[in-house]
Amino acid sequence: MYRASNFIPDPYQELLDAKPLRSLAPMFPAPMGVNVNQSSTPPLVCVTPVGQFPTGFGAGNLPAFGSFATFSVTANGVSYAGTSANGPIDATPISAYKTRSGMPVDGDDPYSGNQTLSSERKRRGRPPGSGASRADGSNVHMTFEALRRRHLQMDETQDASRRADLKAGAIMMASNIRANSGKRVGTVPGVEIGDIFYFRMELCVIGLHAPSMGGIDYMTTKFGNDEDSVAICIVSAGGYENVDDDTDVLVYSGQGGNSRNTEERHDQKLERGNLALERSLHRKNEIRVVRGFKDPFCLTGKIYVYDGLYKIHESWKERTKSGINCFKYKLLREPGQRDGAAIWKMTQKWITNPATRGSVLLADLSSKAEMLPVCLVNEVDHDKGPGHFTYTNQVKYLRPLSSMKKLQGCGCQSVCLPGDSSCACGQHNGGDLPYSSSGLLSCRKPIIYECGDSCNCSTNCRNRVTQKGARLHFEVFRTTNRGWGLRCWDPIRSGAFICEYAGEVIDELKVNLNDSEDDYIFQTVCPGDKTLKWNCGPELLGEDSPYVTADEFEPLPIKISAKNMGNVSRFINHSCSPNVFWQPVQYDHGDDRHPHIMFFALKHIPPMTELTYDYGVAGAESSGSGSRRTKNCMCGSRNCRGLF
DNA sequence: GTAGAATCAACGTA
DNA sequence: CTACGTTGATTCTA
């Protein structure tokens with residue numbers, strides 16, 4: 001983590017970092033490195049001979065490879081010009097990409113989360129392309145998720161699953177809260193290659209793929225003086241016998257005739273989507289491709305990955321195994337795009353066999369302190385690793401837990417259930433259990449109380465999530481311009497628990513004594529709107545907001561230093577357009593002023609996307625002593641505040 | 001303008 | 001865990 005300067009031009013910057021992976025992999029087929037087996041010397045640690053600086057800023061001149069001297073971070077006041085950030089590796093992909101998709105990703109033309117549903121309804125009937133439909137895709141997506149989470153929470157309370165995705169979608173449609181509602185050929189503003197989705201309705205509300213079930217989206221558009229009906233987006237999700245093993249080729253089946261009962265099966269006809277695909281073959285227009293994958297964390301679930309633009313190169317008829325005549329369309333991925341589904345397949349391979357990951361400096365930075373190994377990689381320069389620290393996933397408190405206030409427990413048999421008014425933990429959390437049945441956070445709150453030792457319920461209780469620890473395949477990686485960062489091989493769903501901010505709780509009075517610790521101190525500074533409005537669902541439904549606004553926000557006294565000891569959290573960089581947020585959680589003691597700091601996904605995070613959270617604006621609370629230094633943020637997103 | 005048909009969902013249950 | 005049945009939303013088509 002390198003806090004003095006930060007360049008994250010947009011939330012998808014990480015994939016630019018990811019890009020070199022494939023190109024570099026053949027050059028470094030074997031782990032490069034050092035101390036792959038650390039088990040004899042826990043708790044580790046690796047030491048960097050060249051410190052925390054990117055090459056080209058002094059430290060890189062040191063000829064110190066291989067010598068293991070301890071370093072301390074001395075990153076005071078260094079700032080970089082944006083141009084110096086260009087590493088030799090990702091320059092070409094960046095420019096190639098940027099000319100393709102002209103729109104910024106995370107703009108700040110938000111549909112305001114303060115409006116109620118009823119006021120939104122007045123927007124009905126606006127023509128496409130105006131008003132709310134122009135709203136930024138990221139905000140629309142997050143609004144959908146917030147509504148879906150709230151509906152799911154209410155449905156689970158009544159023990160009735162009624163498709164929260166469709167309910168949220170219906171509200172979005174009725175209020176015209178959607179992005180890119182006018183159909184188009186080619187790139188959709190705000191949707192990046194590699195973006196992931198968990199429901200078809202998500203594709204719909206952001207304007208990537210309009211049909212809620214159908215696999216082929218098409219429209220009539222002009223080609224010179226002609227008009228033609230052409231395909232604009234297809235979903236390949238396993239419903240037909242498609243050939244999609246190759247990352248750049250897709251053999252897509254036409255639609256129709258594919259009924260589950262044999263009586264209804266019939267040959268496909270050249271109409272609707274099939275006709276559009278045929279016309280696209282002749283018109284050679286770009287077609288967006290969404291590929292479906294099995295969700296590794298939910299065996300019945302599916303994840304949709306946007307894989308960029310393809311073109312149809314040939315078509316033919318073919319008799320399928322089920323005996324019907326079927327149209328086949330061979331699509332090739334347009335060159336010059338960054339990897340989408342390819343990254344997915346690559347990381348899945350690494351998860352199955354971590355030895356296949358190249359450029360590895362250390363197979364497990366945590367020395368088995370985490371359930372899953374934490375990979376340390378560098379594929380951008382010769383830095384051998386972050387400065388010395390002790391890996392721990394615990395928080396070291398000032399006082400022993402036994403001397404702290406006890407947390408009250410519930411008396412539930414077996415597991416706690418939503419809607420059970422006799423569950424003390426549910427009441428403690430304001431009436432609702434904070435997590436869905438699949439363990440996702442429903443709502444950001446000032447503090448969350450998980451069940452603990454004083455509860456009667458079992459460890460299977462859904463109100464025990466963060467206490468079980470991180471279960472992701474993390475990777476600490478070298479960034480091109482902001483020191484070390486954290487990313488993950490797994491897809492992370494919005495609301496999923498990521499990790500705790502581990503380290504040493506420090507006394508507020510001592511904060512200013514050791515300035516070099518400043519870069520690794522966590523404080524509950526008020527975050528930006530993206531984080532505060534994470535749960536705008538209730539507001540849109542006319543309910544009271546369960547969280548506070550920036551004005552009402554009150555920081556907690558807790559401060560945690562990860563300088564000398566910590567976990568992967570210490571490598572999470574700042575962004576004004578973050579994909580992670582912090583959330584206080586209690587489960588093993590009752591001192592609400594010193595809770596655990598847990599990180600959750602702010603939105604769906606594709607594999608290999610850098611994790612970032614909003615450090616907040618330092619000094620905003622005017623607390624004088626104890627507030628950390630303000631630093632210039634160069635993150636470059638349109639809603640960058642300039643400081644953090 | 002509108003009803004009906006078509007469709008590579010998503011859940012719950014067996 | 002896979003199969004099957006149920007309840008579906010959006011958009012296209014007639």
Side-chain angles (χ1 to χ4, degrees), chain A residues 125 128 133 144 147-148 151-152 155-156 158-178 180-184 197-221 229-244 250-277 279 287-296 298-307 320-322 324 326-329 331 341 436-438 493:
Chain A
S133 62
F144 171 87
L147 287 168
R148 195 193 57 79
H151 270 293
L152 182 63
D155 288 348
E156 286 186 339
Q158 285 144 37
D159 194 26
S161 174
R162 289 279 159 235
R163 295 295 299 270
D165 58 321
L166 297 186
K167 283 180 181 171
I171 293 171
M172 305 286 286
M173 292 293 169
S175 314
N176 199 24
I177 310 171
R178 49 195 304 191
N180 311 302
S181 58
K183 293 197 177 191
R184 71 189 71 208
F197 308 91
Y198 288 76
F199 293 95
R200 286 290 300 268
M201 197 53 72
E202 295 174 62
L203 307 180
C204 194
V205 296
I206 63 161
L208 187 64
H209 187 91
S212 60
M213 295 178 80
I216 306 168
D217 195 4
Y218 55 101
M219 69 179 289
T220 46
T221 189
S229 175
V230 293
I232 54 174
C233 185
I234 57 174
V235 177
S236 177
Y240 292 79
E241 299 166 12
N242 296 336
V243 183
D244 61 355
L250 172 64
V251 176
Y252 191 78
S253 302
Q255 61 187 189
N258 196 37
S259 173
R260 274 206 294 228
N261 12 348
T262 43
E263 293 93 41
E264 290 176 32
R265 276 192 208 135
H266 59 81
D267 289 351
Q268 294 186 342
K269 296 173 197 154
L270 194 58
E271 58 184 21
R272 301 168 188 275
N274 299 345
L275 184 57
L277 286 166
R279 297 312 304 156
I287 299 173
R288 300 186 292 273
V289 168
V290 177
R291 299 192 189 230
F293 292 90
K294 226 175 214 172
D295 182 349
C298 172
L299 295 172
T300 59
K302 216 181 266 181
I303 300 182
Y304 301 96
V305 180
Y306 174 52
D307 197 31
T320 66
K321 285 176 194 160
S322 53
I324 62 168
C326 179
F327 292 103
K328 295 284 180 178
Y329 301 90
L331 294 98
S436 73
S437 59
S438 49
R493 187 166 170 182

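Scope of the values below: all heavy atoms of this structure, side chains included, with no hydrogens, waters or symmetry mates. Numbers restart at 1 for each chain; the letters A, B, ... are given by sequence-line order, proteins then strands.
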Engineer: Between A:Val243, A:Thr320, A:Asn242, A:Leu277, which is the residue that forms a side-chain contact (heavy atoms from CB on, under 4.5 Å) with A:Ser253?
Structural biologist: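 Testing each of A:Val243, A:Thr320, A:Asn242, A:Leu277 against A:Ser253, the sole residue satisfying side-chain contact (heavy atoms from CB on, under 4.5 Å) is A:Asn242.
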
Engineer: Check whether any side-chain nitrogen or oxygen of A:Lys294 sits under 4.0 Å from OP1 or OP2 of C:dC1, and answer yes or no.
Structural biologist: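 No, A:Lys294 has no side-chain N/O under 4.0 Å of OP1/OP2 on C:dC1.
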
Engineer: Whole Å only: how far is the CD atom of A:Glu271 from the P atom of C:dT11?
Structural biologist: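 After rounding, the gap between these two atoms is 20 Å.
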
Engineer: Side chain of A:Arg163, base of B:dG12: donor and acceptor closer than 3.5 Å?
Structural biologist: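 Answer no: no donor N or O sits under 3.5 Å from an acceptor.
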
Engineer: To the nearest Å, how far apart are A:Gln255 CD and C:dT13 C1'?
Structural biologist: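 The answer, rounded to whole Å, is 13 Å.
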
Engineer: Check the distance between C:dT11's C1' and A:Leu166's CG and give it to me in whole angstrom.
Structural biologist: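 In whole Å, C:dT11 C1' and A:Leu166 CG are 15 Å from each other.
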
Engineer: Which atom names give the shortest non-hydrogen contact between A:Arg288 and A:Arg184, and what distance separates them?
Structural biologist: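 Minimum heavy-atom separation between A:Arg288 and A:Arg184: NH1-O, 2.9 Å.
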
Engineer: Is the phosphate of B:dA10 approached by A:Tyr198 (side-chain N or O, under 4.0 Å from OP1 or OP2)?
Structural biologist: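 Result: no.
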
Engineer: Hey, which sits more toward the 5' end of DNA chain C by its nearest nucleotide, A:Ser229 or A:Arg162?
Structural biologist: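 With A:Arg162 and A:Ser229 compared, the 5'-side residue is A:Arg162.
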
Engineer: Looking only at non-hydrogen atoms, find the nearest pair between A:Arg291 and A:Val289 and report the distance.
Structural biologist: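 Result for this residue pair: CG-CG1, 3.9 Å.
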
Engineer: Could you state the atom-to-atom distance from CG of A:Asn261 to C1' of C:dA3 in whole Å?
Structural biologist: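 Rounded to the whole Å, the gap is 13 Å.
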
Engineer: Among the nucleotides C:dT11, C:dA9, B:dA10, which one has an atom lying closest to any side-chain atom of A:Ala210?
Structural biologist: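 Taking heavy atoms from C-beta onward, the closest nucleotide is C:dT11.
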
Engineer: Whole angstrom is fine here: how far is it from CZ in A:Phe197 over to P in B:dA10?
Structural biologist: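 Answer to the nearest Å: 13 Å.
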
Engineer: So, do A:Arg200 and A:His209 sit near enough that their side-chain heavy atoms are less than 4.5 Å apart?
Structural biologist: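 Heavy-atom side-chain distance check passes, below 4.5 Å.
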
Engineer: Could you check whether the side chain of A:Asn258 and the base of B:dC8 have a donor-acceptor pair of N or O atoms closer than 3.5 Å, going by distance alone?
Structural biologist: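 Looking at the base of B:dC8, it does not pair with any donor or acceptor on the side chain of A:Asn258 (distance under 3.5 Å).
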
Engineer: What is the distance, to the nearest angstrom, from the CD1 atom on A:Ile216 to the C1' atom on C:dC12?
Structural biologist: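 Rounded to the whole Å, the gap is 13 Å.
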
Engineer: By the definition side-chain contact (heavy atoms from CB on, under 4.5 Å), identify the one residue from A:Asp307, A:Asp217, A:Leu208, A:Val305 that meets it with A:Val290.
Structural biologist: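 Single pass found, and it is A:Leu208.
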
Engineer: Taking the side chain of A:Arg260 as heavy atoms from C-beta outward, which of B:dA10, C:dT10, C:dG5 is closest to it?
Structural biologist: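 Output: C:dG5.
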
Engineer: Within a strict 4.5 Å, meaning less than it, do heavy atoms of the A:Tyr329 and A:Asn274 side chains meet?
Structural biologist: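 Contact flag for A:Tyr329/A:Asn274 side chains = yes.
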
Engineer: Using Watson-Crick or G-U wobble geometry with both distances below 3.5 Å, tell me the partner of B:dG1, or none.
Structural biologist: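 Result: none.
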
Engineer: I need the CG-P distance between A:Asp165 and C:dT7, as an integer number of Å.
Structural biologist: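 Going from A:Asp165 (CG) to C:dT7 (P), I get 16 Å.
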
Engineer: Need one value for A:Lys269: base, sugar-phosphate or nothing, where a base atom within 4.0 Å counts as base even if backbone is also close, heavy atoms only.
Structural biologist: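 Answer is nothing: A:Lys269 stays at 4.0 Å or more from every strand.
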
Engineer: Would you mind reading off the distance between A:Tyr218 atom OH and C:dC12 atom P, rounded to a whole angstrom?
Structural biologist: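 Taking atom P of C:dC12 as the reference, OH of A:Tyr218 is at 6 Å.
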
Engineer: Using Watson-Crick or G-U wobble geometry with both distances under 3.5 Å, which nucleotide pairs with B:dA6?
Structural biologist: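 Pairing partner, where one exists within any strand: C:dT10.
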
Engineer: Is A:Gly256 touching bases, backbone alone, or none of the nucleic acid, heavy atoms closer than 4.0 Å?
Structural biologist: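 Sugar-phosphate contact only.
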
Engineer: Looking only at side-chain N and O atoms, does A:Lys302 come under 4.0 Å of OP1 or OP2 in B:dA10?
Structural biologist: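 False: A:Lys302 side-chain N/O out of range (4.0 Å or more) of B:dA10 OP1/OP2.
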
Engineer: Please determine, for the side chain of A:Phe199, which listed nucleotide (C:dA9, C:dT11, B:dA10) has the closest atom?
Structural biologist: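 It is B:dA10.
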
Engineer: By nearest heavy atom, map A:Tyr240 and A:Thr300 onto DNA chain B; which one lands nearer the 5' end?
Structural biologist: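 Result of the comparison: A:Tyr240.
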
